[in-house]
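Treat the numbers as computed from the prediction; the structure is a model and nothing was measured.
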Amino acid sequence: MTIRARVIVASNRAAAGVYADTSGPRLAAGLRELGCQVDEPVVVVPDGDPVAEALRAAVADRVDVVLTSGGTGVTPTDRTPEATRGLLDFEIPGIAEAIRAHSRDRVPAAALSRGLAGVAGQTLIVNLPGSTGGAKDGLAVLGPLLAHTVDQIRGGDH
């Protein structure tokens, strides 16, 4: 089964060229290690409405999996969950809970992540924190789930 994936980085500073994002390339590499075909380049946008636009484009392109990086915290500019929620047909709270739980003992601030996971159309969308550690932890949780989840979204049997 071929799984098409896309990575969207929500970072006002990276989008403005203040620094180069490192979480997006880590997510793309990790998705490839899991056997996914990953769109290039990694999409880097400011947080908020541009995230929603990039997510809508991925759903319209019938991408199987979209991982977002960044914008899941509690600062006034962290708007990725809001941009995501408006597009979802339904949430899969267990994925987001598992990602937070995986990180929580090592990184107490992981509890502050408001990231969501859910399905829009035929696309699984998962919000991850905007760090390489968040990318690594998200991939660790998603690795054993990804193929089965995509198969289920496509209508596969249990």
4.5 Å side-chain heavy-atom contact, L88 and V119:
no

Please name the pair of heavy atoms, one in V42 and one in A28, separated by the smallest distance, quoted to 0.1 Å.
CG2-CB, 4.2 Å

Test: D39 and R6 ion pair at under 4.0 Å:
yes

Working for side-chain contact (heavy atoms from CB on, under 4.5 Å), residues L87 and V59:
CA-CA 9 Å; L87 301 173; V59 172; 5.6 Å; no

Looking at every heavy atom in both R100 and A111, which two are closest together, and how far apart are they?
CD-O, 4.5 Å

Can you find a heavy atom in the side chain of T123 that is under 4.5 Å from one in the side chain of V65?
no

Pair T80, D47 - check side chain to side chain donor-acceptor pair (under 3.5 Å), show working.
CA-CA 6 Å; T80 297; D47 208 351; 2.9 Å; yes

Which residue pairs pass the salt bridge (charged side-chain N to carboxylate O under 4.0 Å, His left out) test with at least one member in residues 122-150, sequence neighbours excluded?
R106-D137

Minimum-distance pair of heavy atoms, taken over all atoms of L31 and A5:
CD1-CB, 3.8 Å

Verify side-chain contact (heavy atoms from CB on, under 4.5 Å) between T68 and V126, making sure each step is shown before the conclusion.
CA-CA 6 Å; T68 68; V126 180; over 6 Å; no

Is D21 paired with R13 through a side-chain N to carboxylate O contact shorter than 4.0 Å?
no

Minimum side-chain heavy-atom gap V45-I8 below 4.5 Å
yes

Residue pairs involving residues 116-125 (criterion salt bridge (charged side-chain N to carboxylate O under 4.0 Å, His left out); sequence neighbours excluded):
none

Starting from the C-alpha separation in whole Å, work towards a yes-or-no answer on side-chain contact (heavy atoms from CB on, under 4.5 Å) for V74 and R114.
CA-CA 8 Å; V74 296; R114 300 179 306 113; 4.3 Å; yes

For L128 versus G138, what's the shortest heavy-atom pair and its separation?
CD2-CA, 3.7 Å

From T149 OG1 over to I92 CD1, what is the distance, rounded to the nearest 0.5 angstrom?
6.0 Å

Answer whether the closest heavy-atom distance between the side chains of L124 and I153 falls below 4.5 Å.
yes

Heavy-atom distance under 4.5 Å between the side chains of V43 and V7, does that happen here?
no

Could you check whether any side-chain heavy atom of Q37 comes within less than 4.5 Å of a side-chain heavy atom of R32, counting everything from C-beta outward?
no

Pairing residues for R26 by the salt bridge (Lys or Arg N to Asp or Glu O under 4.0 Å) criterion, not counting sequence neighbours:
none

Salt bridge (Lys or Arg N to Asp or Glu O under 4.0 Å) for D64 and R154? Distances and angles first, verdict last.
CA-CA 9 Å; D64 297 303; R154 291 177 179 174; 2.9 Å; yes

Testing the 3.5 Å rule here: is there a donor-acceptor pair between the side chains of T72 and D78?
no

Are L139 and V107 connected into the same hydrophobic cluster when the rule is that any two of I, L, V, M, F, W, Y join if their side-chain heavy atoms are below 4.5 Å apart?
no

For atom CG of D89, is the number of surrounding heavy atoms from other residues, nucleotides or ligands below 6.0 Å larger than 12?
yes

Over all heavy atoms of both residues, which pair between S69 and P129 is shortest? Give the atoms and the distance, please.
OG-O, 3.5 Å

To the nearest 0.5 Å, atom CG of L116 lies from atom CD of E91 at 5.0 Å

Can you name the nearest heavy-atom pair linking Q152 to D157, along with the distance?
NE2-O, 3.0 Å

Are L146 and C36 close enough that some pair of their side-chain heavy atoms sits under 4.5 Å apart?
yes

How long is the span from the CZ atom in R79 to the OG1 atom in T84, to the nearest 0.5 Å?
11.0 Å

Is the shortest side-chain heavy-atom distance between L67 and I125 below 4.5 Å?
no

